[in-house]
Number of protein chains: 2
Amino acid sequence: MRKSSSLKTAALEKSSHLEYFRIAVSVDCVIFGYEEKELKVLLIKSDLKEFAGMYSLLGDLVRPDEDLDEASYRVLKERTDLDDVFLQQVHTFGAVNRHPSGRVVSTAYYSLVNINNHKLKINNNDLRWHPVKGAYKLAFDHKDILTTCLQHLRGRIEEHPVVHNLLNEKFSLRELQEVYEAILNAPLDRRNFRKKITLKNWLVDLNEMEDNVPHRPGKLYKFNKKYIR
Amino acid sequence: MRKSSSLKTAALEKSSHLEYFRIAVSVDCVIFGYEEKELKVLLIKSDLKEFAGMYSLLGDLVRPDEDLDEASYRVLKERTDLDDVFLQQVHTFGAVNRHPSGRVVSTAYYSLVNINNHKLKINNNDLRWHPVKGAYKLAFDHKDILTTCLQHLRGRIEEHPVVHNLLNEKFSLRELQEVYEAILNAPLDRRNFRKKITLKNWLVDLNEMEDNVPHRPGKLYKFNKKYIR
DNA sequence: CCAAAAGTGTTGGCATTACACCCATGA
DNA sequence: TCATGGGTGTAATGCCAACACTTTTGG
């Protein structure tokens, strides 16, 4: 998809009955991770000369024999080796000129993955975890896509315990709060946060304590399986 | 990785692009109207033999030179002769087998139109306004699409004065409440409804009264232009 | 005078916000 | 003993749901 300078090959041009099949369909995945109290997004260095030096989201053309959702799973699986992850369709971007070398309509998904997961292999130098925060450019309309997905994520975490995908199985309430603060990009009141989380009943108290912290250790929790997925 | 390497050779590029262009892109529009205290949807008799006798949403393939959003405007314009209407993208449906005669990925939009608008010409015998409520089948996965759009609409009307698209310019609070009840498929408390609407400040009191009603006439309102669109 | 809908306030419960002190641990 | 975060409750406020009577009009 990225290197599609051949989108207008003679072969395609003359097959005019394919008029309506001259739009390519792709998926782009906003893969969010969480590391060092920051929300990150997995980006890849663009291989298009139009976007030299810039990064883009992970995406690929959809194959004729796979569902749209499957395509986004495949992209994620190929890049991270993770399966069975949370993936959510958000919006489809279809401006005529959004791709410099041809017409590509792209459906955006976002996903949340645990950067420390042992299965997660970022074995490509062009791939990197980039902070979500801050002003920077991305190739194509990918900054729009990222922004749109982040908005959706912000709404989602209020209602659903999706952030479990970002954390290790055991975590303290402070860690959980820090994830929320990173996603919302805003500080939260500790007592009110704990009250709200308690009310939602998402967590199971493990009766274990944090270890190796240079202060009073906190209790550890995990997500109640019945609310996740 | 997979994509990068496959994109490196021109030969592969050509063949795989031909492959990838075998997915067609379409839009489907859920056009909602309101009539006789009921929410309706504009449907067309399917011309596919697989769906003989069934109705489907209005949709069309996206042209290579039009934005996705433009395509949905065009479909609406062609069918209703209305322009400048509210249209909202909701979700993209991309299951491999959703269309019996080929691979078609379709982006769903919904729209709200005033069935009594003088410009609205349903000049086709195969077109009809069908009640949204009730169990019935539609061609393709259009029942899913309709349900998804209805859910989104239900959320939307709580926050935005979009229902103005369904009503005449002047209306009573009763009429407005009936529209909400039709969309939500639930009765609402009159006093609470009026309180909520008043709080939102969407309406302008016209200092006019209903006429030709067999009971005490209500005041007439219109939407404050600054909140619509 | 009857039927139909207009118009109008109050109360209780529940969620949300703001806010401060003592405690346990490691260095 | 200090620094760091853990753990906890209350009061004020705003939002929401439930609920009933009087008024106006047309027939």
Side-chain angles (χ1 to χ4, degrees), chain A residues 34 36-38 154-161 163 167-168 170-223 227, chain B residues 34 36-38 154-161 163 167-168 170-223 227:
Chain A
Y34 173 75
E36 289 165 8
K37 305 192 183 183
E38 250 193 323
R154 284 178 177 164
R156 183 80 178 176
I157 61 173
E158 305 287 349
E159 305 297 331
H160 280 114
V163 299
L167 288 164
N168 294 326
K170 303 177 178 186
F171 51 87
S172 67
L173 289 175
R174 172 180 38 80
E175 289 174 291
L176 183 62
Q177 182 175 340
E178 283 166 355
V179 172
Y180 270 81
E181 291 176 331
I183 294 173
L184 298 172
N185 192 29
L188 298 174
D189 178 88
R190 187 154 46 105
R191 278 178 289 188
N192 293 337
F193 178 78
R194 286 164 184 241
K195 207 185 311 170
K196 205 189 244 177
I197 292 291
T198 308
L199 239 4
K200 292 195 193 290
N201 241 57
W202 291 343
L203 303 185
V204 176
D205 185 340
L206 290 168
N207 291 310
E208 288 178 59
M209 294 306 233
E210 269 184 312
D211 215 345
N212 300 319
V213 287
H215 55 76
R216 173 176 173 181
K219 296 177 88 170
L220 292 176
Y221 296 83
K222 63 173 183 175
F223 276 93
Y227 293 109
Chain B
Y34 174 74
E36 290 165 6
K37 306 191 181 182
E38 250 194 323
R154 285 178 176 164
R156 184 78 177 178
I157 60 174
E158 306 286 350
E159 305 297 331
H160 272 131
V163 298
L167 287 164
N168 295 326
K170 303 176 179 185
F171 51 86
S172 66
L173 288 175
R174 173 180 39 82
E175 290 175 292
L176 183 62
Q177 181 175 339
E178 283 167 355
V179 172
Y180 271 80
E181 291 176 331
I183 294 173
L184 299 172
N185 191 28
L188 298 174
D189 177 88
R190 188 154 46 104
R191 278 177 290 189
N192 292 337
F193 178 77
R194 286 165 183 242
K195 209 184 310 169
K196 205 188 243 176
I197 292 291
T198 309
L199 240 4
K200 293 197 193 286
N201 241 56
W202 291 342
L203 302 185
V204 177
D205 184 341
L206 290 168
N207 292 310
E208 287 178 61
M209 294 306 234
E210 269 183 314
D211 215 344
N212 299 319
V213 287
H215 54 76
R216 173 174 175 182
K219 296 177 88 169
L220 291 176
Y221 296 82
K222 64 172 183 176
F223 276 95
Y227 293 109

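Residue numbers begin at 1 in each chain, while the letters A, B, ... track the order of the sequences.
Under a 4.0 Å N-O distance rule, the pair K219(B)/E210(B) does not qualify as a salt bridge.
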Which is it for L203(B) and L173(B) under the side-chain contact (heavy atoms from CB on, under 4.5 Å) test, yes or no, and what are the steps along the way? CA-CA 10 Å; L203(B) 302 185; L173(B) 288 175; 3.7 Å; yes

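Looking only at distances, no side-chain donor or acceptor of E158(A) sits under 3.5 Å from a matching main-chain atom of G155(A).
E181(B) has its CD atom 12 Å from the P atom of dA5(C), to the nearest Å. The nearest whole Å value for the distance from the NE2 atom in H215(B) to the C1' atom in dC1(C) is 18 Å. Atoms NZ (K219(A)) and C1' (dC23(C)) sit 15 Å apart, rounded to a whole Å. Across the protein-nucleic acid pair, R190(A) atom CZ and dT17(C) atom P stand 17 Å apart, rounded to whole Å. Taking atom CZ of R191(A) as the reference point, atom C1' of dT16(C) lies 14 Å away to the nearest angstrom. Rounded to an integer number of Å, the gap from CD of Q177(B) to P of dA4(C) is 18 Å. Rounded to an integer number of Å, the gap from CG of D211(B) to P of dA5(C) is 17 Å.
Counting only heavy atoms from C-beta outward, the side chains of I183(A) and R154(A) approach each other to under 4.5 Å. Contact check for I157(A) versus L184(A): side-chain heavy atoms found under the 4.5 Å cut-off.
Residue-environment remark: NZ (K170(B)) stays at or below the threshold of 12 foreign heavy atoms within 6.0 Å.
Map M209(A) and R216(B) each onto its nearest nucleotide of DNA chain C; the residue landing nearer the 5' end is R216(B).
Annotation: F193(A) is in aromatic contact with Y180(A) [ring centroid separation under 6.0 Å].
A distance of 10.0 Å separates CD in Q177(A) from CZ in R174(A), rounded to the nearest 0.5 Å. With rounding to the nearest 0.5 angstrom, the OH atom of Y34(B) is 5.0 Å from the CD atom of E178(B).
Read 5' to 3', the first and last nucleotides of DNA chain D with an atom closer than 4.0 Å to a heavy atom of chain A are dT4(D) to dT10(D).
Applying the 4.0 Å criterion to OP1 and OP2 of dA6(C), one finds that R174(B) has a side-chain N or O inside that range.
Applying a 4.0 Å cut-off to non-hydrogen atoms, the residues of residues 192-208 of chain B that approach DNA chain D are N192(B), K195(B), listed by residue number.
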